[in-house]
Amino acid sequence: MLSVEEARKRILDATRVLPPEKLRIMDCLGYVLAEDVHAAEHIPPFRNSAMDGYAVVAEDTQSASKDFPIQLSIVESIPAGYAPTECVASGQAARIMTGAMMPNGADAVVMIEETQCEKNQVKVLDSVEKDENVRFAGESVMQGDLVMSRGKQIHPPEISMLASLNLPAVEVHKRPKVAVISTGDELTPLGGPLKPGKIRDSNRYGICAQIQEANCFPIDMGIATDDEVVLERKFRDAVGQADAVVTSGGVSVGDHDSVRAVLARMGEINFWRVAMKPGKPQAYGFIDGVPIFGLPGNPVSSLVVFELFVRPALLKMAGHSDLLRPTFQAILDDDVVNRDGRVNFLRTIITSRNGKFHAQTTGPQGSGILYSLVLANGFIIIPAGATIKAGQTVEAQLLKC
């Protein structure tokens, strides 16, 4: 059996980043930059006031106080968005609004709260130092600066910065379109009656949600029966419109696991046994250059295998460099014994108490017990053959907050 690390390495080594596309910045949220972004101009573009108040010569105010105010002549009023027309000399001031351009001659701003205005005169009630309450050209970004590097994910602050840089559109990596196919004669679509021997098709919905959570686009291809002709037609349709294909079921060694035969005939597919629980049987490969991820049919197994292998691959395709969720140490609240020869990913409730993380399993951990994953907000990772007592630490990973 392959280790989890070796299986993931093989997948990620074979995964290629999707080509870039140019998008309007309003459509870029969640995407990854495919180009370096440099500043074509200073931000802010000019020296401006950080406060509503009066632009003054700082030296004029050095002896100002409430008991002995300094009186200055007002030469003009400067709203934001307008250029000053007067130069401020010693003994003068200009009324100025936040963000307005500083007039020549002035080197500080007295806050409005520290002044008293009387017609064309202003009394300054407190001193200011040179450059106080003044923002300088290029204080945030200088012309020519590298502001964002390729590979950076775009969040709301990045979109605001791109607008500040006068960039209405940028090059970003495409986000994968991922076709999702459930396989098996036992599956029943939602809304219909459940006949004897049948089960609900839950995996497809969970996998589509995982794809959306990874900022990718799911394509729901429905259910494929175990008929090989139907399966091949379904796979051809999926490969023709998606950047990747995810299937669930049919990758084990059962008599009716037709997915193995069809995938092996259609492309370059490896059928793996990975030393992990849940999720030992898996398939991975390519059909016409499109990566195929064959997940187990058990609901917990399919969701766990997606999390550990498919999600990192999709993130890499979308241009991300940070592919794995961080792990950390947590204190185990109950004894755990792993008698299996595989690493065990136990569904866990992780909490923070007294500044430390604690982990408690969600009960029975069978790969068909989906409710154990609903209760959980993370995994704990138990090495093969390990016995860990309550109070000892284990490696943990959060899936949701």
Side-chain angles (χ1 to χ4, degrees), residues 16-55 76-85 94-104 106-109 111-112 131-178 209 211-218 243 311-312 314-323 325-326 401:
R16 298 292 173 258
V17 179
L18 294 179
E21 60 181 339
K22 195 150 196 169
L23 291 182
R24 297 182 316 122
I25 60 173
M26 289 293 283
D27 299 324
C28 284
L29 185 65
Y31 282 80
V32 174
L33 275 172
E35 61 177 335
D36 291 338
V37 174
H38 291 83
E41 55 196 23
H42 292 328
I43 301 176
F46 49 80
R47 198 171 59 117
N48 68 88
S49 176
M51 298 285 179
D52 288 343
Y54 290 86
E76 70 172 325
S77 181
I78 312 168
Y82 294 88
T85 59
R95 179 76 171 94
I96 195 166
M97 309 305 165
T98 302
M101 181 182 287
M102 287 288 291
N104 290 334
D107 59 11
V109 173
M111 292 189 296
I112 191 75
D131 300 330
E132 190 170 338
N133 300 323
V134 176
R135 302 171 180 146
F136 292 91
E139 186 175 272
S140 175
V141 171
M142 296 289 288
Q143 184 179 14
D145 280 355
L146 174 62
V147 181
M148 288 179 265
S149 300
R150 68 177 65 195
K152 184 174 183 58
Q153 187 174 12
I154 299 175
H155 300 283
E158 285 76 19
I159 289 177
S160 185
M161 177 57 78
L162 290 169
S164 297
L165 295 169
N166 193 32
L167 291 173
V170 288
E171 293 274 344
V172 295
H173 288 288
K174 291 183 178 179
R175 297 198 317 215
K177 294 179 290 185
V178 187
I211 291 167
Q212 287 178 304
E213 188 180 51
N215 269 333
C216 301
F217 303 110
D243 301 302
R311 181 179 181 272
L314 295 182
L315 291 179
K316 183 175 178 180
M317 292 174 72
H320 292 268
S321 56
D322 190 6
L323 306 180
R325 299 189 198 270
C401 294

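Here the structure is a predicted model, which is why all the values come from computation and not from measurement.
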On a heavy-atom basis, the closest approach of Ala55 and Ala106 is CB-CB, 3.7 Å
What distance separates Ile154 CD1 from Met148 CE, expressed to the nearest 0.5 Å? 7.0 Å
Which pair of non-hydrogen atoms, one from Met142 and one from Ala137, has the smallest distance, and what is that distance? SD-O, 4.3 Å
Distance check, rounded to the nearest 0.5 Å: His155 atom NE2 versus Ser160 atom OG? 14.0 Å
Minimum heavy-atom separation for Pro79 and Ala100, please, with both atom names. O-CB, 3.6 Å
Under 3.5 Å, side chain of Ser140 to main-chain N/O of Pro44, donor-acceptor pair present? no
Are any non-hydrogen side-chain atoms of Val37 and Lys152 less than 4.5 angstrom apart? no
Can you find a heavy atom in the side chain of Arg47 that is under 4.5 Å from one in the side chain of Met101? no
Please tell me if the side chains of Met102 and Ile96 come closer than 4.5 Å, counting only heavy atoms from C-beta onward. yes
Hey, are the side chains of Glu21 and Val172 touching, using non-hydrogen atoms and a 4.5 Å cut-off? yes
Any donor-acceptor pair under 3.5 Å linking the side chain of His38 with the backbone of Gly144? no
Can you measure from CG (Leu29) to CG (Leu23) and round to the nearest 0.5 angstrom? 11.5 Å
Are any side-chain N or O atoms of His173 and backbone N or O atoms of Ala34, one a donor and one an acceptor, separated by less than 3.5 Å? no
May I have the step-by-step check of side chain to side chain contact (heavy atoms under 4.5 Å, CB included) for Val134 and Asp107, ending in yes or no? CA-CA 8 Å; Val134 176; Asp107 59 11; over 6 Å; no
Hey, what do you get for CD (Gln143) to CG (Asp145), rounding to the nearest 0.5 Å? 9.5 Å
Can you name the closest pair of heavy atoms from Asn166 and Pro168 and give their distance? O-CD, 3.4 Å
Quick one: does Arg95's side chain have a donor or acceptor within less than 3.5 Å of a partner on Gly53's backbone? yes
Are Arg135 and Thr98 close enough that some pair of their side-chain heavy atoms sits under 4.5 Å apart? yes
If I take atom CG from residue Leu33 and atom CG from residue Leu162, how far apart are they, to the nearest 0.5 angstrom? 6.5 Å
Nearest 0.5 Å please: distance from the OG1 atom of Thr85 over to the CD atom of Glu76. 4.0 Å
So Ser77 and Met97, do their side chains get closer than 4.5 Å, heavy atoms only? yes
When you measure from the side chain of Glu35 to the backbone of Glu171, do you find a donor-acceptor pair of N or O atoms at a distance under 3.5 Å? yes
Backbone N or O of Arg150 within a donor-acceptor pair of the Asp36 side chain at under 3.5 Å? yes
Spell out, as yes or no, whether a donor-acceptor pair under 3.5 Å connects the side chain of Arg175 to the backbone of Val32. no
Which of Val178, Leu323, Asp243, Asn215 passes side chain to side chain contact (heavy atoms under 4.5 Å, CB included) with Leu314? Answer is Val178
Do you know which two heavy atoms are closest between Gln153 and Gly30, and how far apart they sit? NE2-O, 3.3 Å
Tell me whether Phe136 at atom CZ has more than 12 heavy atoms from other residues, nucleotides or ligands lying less than 6.0 Å away. yes
Nearest heavy-atom pair of Arg311 and Ala214: which atoms, and what distance? CG-CB, 4.4 Å
